[in-house]
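Computed from a predicted structure; not experimentally measured. Below, chain A is the first sequence line, B the second, and so on; all start at residue 1.
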2 protein chains.
Amino acid sequence: MPRLSNAKEQIMDRARRLLQSHGFEGFSYRDISSQLGIKNAAIHYHFPTKSDLGQALVEDFCEETRQQIAFARENLTVRKQLDAYFERMAQEFDRDNSLCPVGAMTTSLGTISDSMRNSLNQLSALVVDWLTETLEKGRNNGDVEFSGDARSKAIQISAAMQGARQLSRLNCSNQVERVAGQFKEELYKEPS
Amino acid sequence: MPRLSNAKEQIMDRARRLLQSHGFEGFSYRDISSQLGIKNAAIHYHFPTKSDLGQALVEDFCEETRQQIAFARENLTVRKQLDAYFERMAQEFDRDNSLCPVGAMTTSLGTISDSMRNSLNQLSALVVDWLTETLEKGRNNGDVEFSGDARSKAIQISAAMQGARQLSRLNCSNQVERVAGQFKEELYKEPS
DNA sequence: GTCTATATACCGATAGAC
DNA sequence: GTCTATCGGTATATAGAC
């Protein structure tokens with residue numbers, strides 16, 4: 001009889017929070033096991049190595065992001081898609097001061113496995129590709145306004161949101177909303 | 001007779017590189033001592049605790065930034081000041097793929113000393129305050145163009161440059177130049 | 001599937017010789 | 001000012017009982 005109803009999910013949930021607050025090398029199996037009231041060895045049963053755990057976490061982020069993008073693309077206008085993206089970034093920070101997964105892993109890029117790094121790259125590309133496509137579409141139909149090429153704008157926005165979540169943790173104030181508001185003012189200059 | 005001509009400076013130089021590539025918790029006294037061909041205890045003589053070393057590093061960053069800002073403010077036009085800032089960010093990344101000090105510390109904010117955190121906060125504020133002042137001045141004399149309030153724009157730019165350095169390490173390509181180019185295109189729309 | 005116990009390695013830090 | 005030697009703590013990971 002297991003002590004936890006669905007141990008694997010609970011382990012990943014704790015690991016996810018720890019990753020987004022302390023980075024991949026900033027938490028240990030002990031942090032997870034003590035929070036769940038189990039022992040280290042129990043985690044090793046579900047995730048033999050920490051790399052396995054990290055890989056599962058990043059793939060989870062990818063899948064979640066894919067679903068959010070798919071929903072937005074099929075159901076929302078360009079402006080609503082961008083608004084939802086900005087709002088999600090601000091809300092994730094408000095909830096638990098969490099970093100974006102990519103930002104939380106940047107200091108560990110030299111030590112993680114190739115497969116983990118590849119998945120992280122995919123996660124980053126998912127957002128940038130969707131932003132590029134959405135911005136381009138919005139410029140064509142007049143929903144948004146910006147100069148330069150769409151991919152550069154997409155990278156600029158993505159980088160700024162990641163950085164804003166980090167600066168906000170340092171200042172203890174939500175700069176994500178502020179940066180998002182600045183982008184919206186610039187993109188939505190002409191009311192549709 | 002010391003084995004190193006100026007041990008303290010050499011230790012800080014190595015520590016600085018390690019901090020900007022692996023984060024504060026991502027390097028050890030051993031990493032530094034092995035690179036310099038000395039022993040751990042020698043580092044502890046100059047920096048009794050790792051917190052002392054970290055504090056010295058952040059204060060060094062502050063002093064360097066203060067000098068760069070003071071020079072720019074006194075000798076350069078608004079556009080030249082912004083150009084110098086963008087170019088410095090891109091060059092620092094090109095040289096050794098280094099993170100900005102603030103971005104390198106965000107996953108360690110929960111474990112570092114209060115004094116280190118305060119210095120880090122000062123470092124971030126130095127750049128944002130200077131950017132705010134410079135943007136406002138440039139908008140008044142027609143050197144640059146942007147909407148919204150200057151401080152929001154300053155935070156947006158600062159956050160984007162920090163994020164761009166991190167994304168660039170993941171992609172193995174210099175997105176810092178690309179993001180800087182996007183900002184320049186937007187800010188310098190009207191040729192002076 | 002979870003436990004106890006253990007292996008091995010690394011960490012920051014200190015004492016004392018030179 | 002640097003060394004050798006060592007301490008206590010923690011990390012990931014494994015073996016084997018239950």
Side-chain angles (χ1 to χ4, degrees), chain A residues 1-19 21-58 104-105 107-117, chain B residues 1-19 21-58 104-105 107-117:
Chain A
M1 205 63 178
R3 302 242 323 243
L4 299 174
S5 53
N6 45 0
K8 200 162 185 172
E9 282 75 9
Q10 291 195 43
I11 291 167
M12 285 189 65
D13 180 66
R14 297 292 171 165
R16 181 186 174 126
R17 295 174 200 268
L18 287 163
L19 171 68
S21 58
H22 297 88
F24 187 61
E25 292 162 314
F27 73 91
S28 67
Y29 275 38
R30 201 186 185 201
D31 294 324
I32 303 171
S33 59
S34 67
Q35 285 185 19
L36 294 179
I38 59 177
K39 298 298 173 183
N40 273 4
I43 304 180
H44 278 286
Y45 171 80
H46 297 283
F47 302 97
T49 73
K50 198 180 178 186
S51 186
D52 293 324
L53 174 56
Q55 177 70 23
L57 287 173
V58 180
M105 297 283 306
T107 55
S108 306
L109 289 182
T111 57
I112 61 177
S113 66
D114 286 350
S115 61
M116 217 174 144
R117 202 188 153 107
Chain B
M1 205 61 178
R3 303 246 317 246
L4 298 175
S5 54
N6 45 1
K8 200 162 185 173
E9 283 76 9
Q10 291 195 43
I11 291 166
M12 283 189 67
D13 181 64
R14 297 293 171 163
R16 181 186 174 125
R17 296 173 198 269
L18 287 163
L19 171 67
S21 58
H22 297 88
F24 188 61
E25 293 163 313
F27 74 91
S28 67
Y29 275 37
R30 200 188 187 199
D31 294 324
I32 303 171
S33 58
S34 66
Q35 286 185 18
L36 294 178
I38 60 178
K39 297 299 173 184
N40 273 4
I43 305 179
H44 278 287
Y45 171 80
H46 297 282
F47 302 97
T49 72
K50 199 180 177 185
S51 186
D52 293 324
L53 174 56
Q55 178 72 23
L57 286 174
V58 181
M105 296 285 305
T107 54
S108 305
L109 288 182
T111 58
I112 62 176
S113 67
D114 286 350
S115 61
M116 218 175 142
R117 202 188 153 106

A.B. asks: Tell me whether the NZ or CZ atom of A:Lys39 lies within the 45° cone about the ring axis of A:Tyr29 and under 6.0 Å from its centre.
C.D. replies: no
A.B. asks: Rounded to the nearest angstrom, tell me the gap between atom CD in B:Glu25 and atom P in C:dC10.
C.D. replies: 19 Å
A.B. asks: Tell me if a side-chain donor or acceptor on A:Ser108 pairs with a main-chain N or O of A:Thr111 at a distance below 3.5 Å.
C.D. replies: no
A.B. asks: For the side chain of B:Ser28, counting heavy atoms from C-beta on, which of C:dC11, D:dA13, D:dC3 is nearest?
C.D. replies: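 When the side chain of B:Ser28 is considered, C:dC11 is the closest of C:dC11, D:dA13, D:dC3.
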A.B. asks: Heavy atoms within less than 4.0 Å of DNA chain C: which residues of residues 44-53 of chain A have one? Give them sorted by number.
C.D. replies: A:Tyr45, A:His46
A.B. asks: Nearest-Å distance, OH (A:Tyr29) to P (C:dT6)?
C.D. replies: 22 Å
A.B. asks: For the residue pair B:Leu57 and B:Met12, what are the closest heavy atoms and their distance?
C.D. replies: CD2-O, 3.6 Å
A.B. asks: Looking only at atom types and distance, does a side-chain atom of B:Ser28 sit under 3.5 Å from a main-chain N or O of B:Asp31, one as donor and one as acceptor?
C.D. replies: yes
A.B. asks: Does atom CG of A:Asn6 have more than 12 heavy-atom neighbours from other groups under 6.0 Å away?
C.D. replies: yes
A.B. asks: Please check if the number of heavy atoms outside B:Arg17 that lie under 6.0 Å from its CZ is greater than 12.
C.D. replies: no
A.B. asks: Could you state the CD1-P distance from A:Ile32 to D:dA11, rounded to the nearest angstrom?
C.D. replies: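 Roughly 11 Å, once rounded to whole Å.
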A.B. asks: Expressed as a whole number of angstroms, how long is the span from A:Ile38:CD1 to C:dT4:P?
C.D. replies: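 After rounding, the reported distance stands at 12 Å.
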A.B. asks: From C:dC3, D:dC3, D:dT12, pick the nucleotide closest to the side chain of A:Ala42?
C.D. replies: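 Taking heavy atoms from C-beta onward, the closest nucleotide is C:dC3.
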A.B. asks: Among C:dC3, D:dT12, C:dC11, which nucleotide sits nearest the side chain of B:Arg30?
C.D. replies: C:dC11
A.B. asks: Using a heavy-atom cut-off of 4.0 Å across all strands, would you classify A:Asn40 as base, sugar-phosphate, or nothing?
C.D. replies: base
A.B. asks: What is the distance from atom CZ of A:Arg16 to atom CD1 of A:Ile11, rounded to the nearest 0.5 Å?
C.D. replies: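 Taking CZ in A:Arg16 and CD1 in A:Ile11, the distance rounds to 15.5 Å.
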A.B. asks: Round to the nearest Å and state the distance from B:Asn6 atom CG to D:dG1 atom C1'.
C.D. replies: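 It is 14 Å, rounded to the nearest whole Å.
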A.B. asks: Return the value, rounded to whole Å, for the distance between atom CZ of B:Phe24 and atom C1' of C:dG12.
C.D. replies: 11 Å
A.B. asks: For B:Ile43 and C:dC11, what is the distance between atoms CD1 and C1' respectively, to the nearest whole Å?
C.D. replies: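 Those two atoms, CD1 and C1', are 13 Å apart.
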A.B. asks: Quick one: on DNA chain D, does A:Ala41 or A:Asp31 contact a more 5' nucleotide (nearest heavy atom)?
C.D. replies: A:Asp31
A.B. asks: To the nearest angstrom, how far is A:Lys39 atom NZ from D:dA13 atom C1'?
C.D. replies: 17 Å
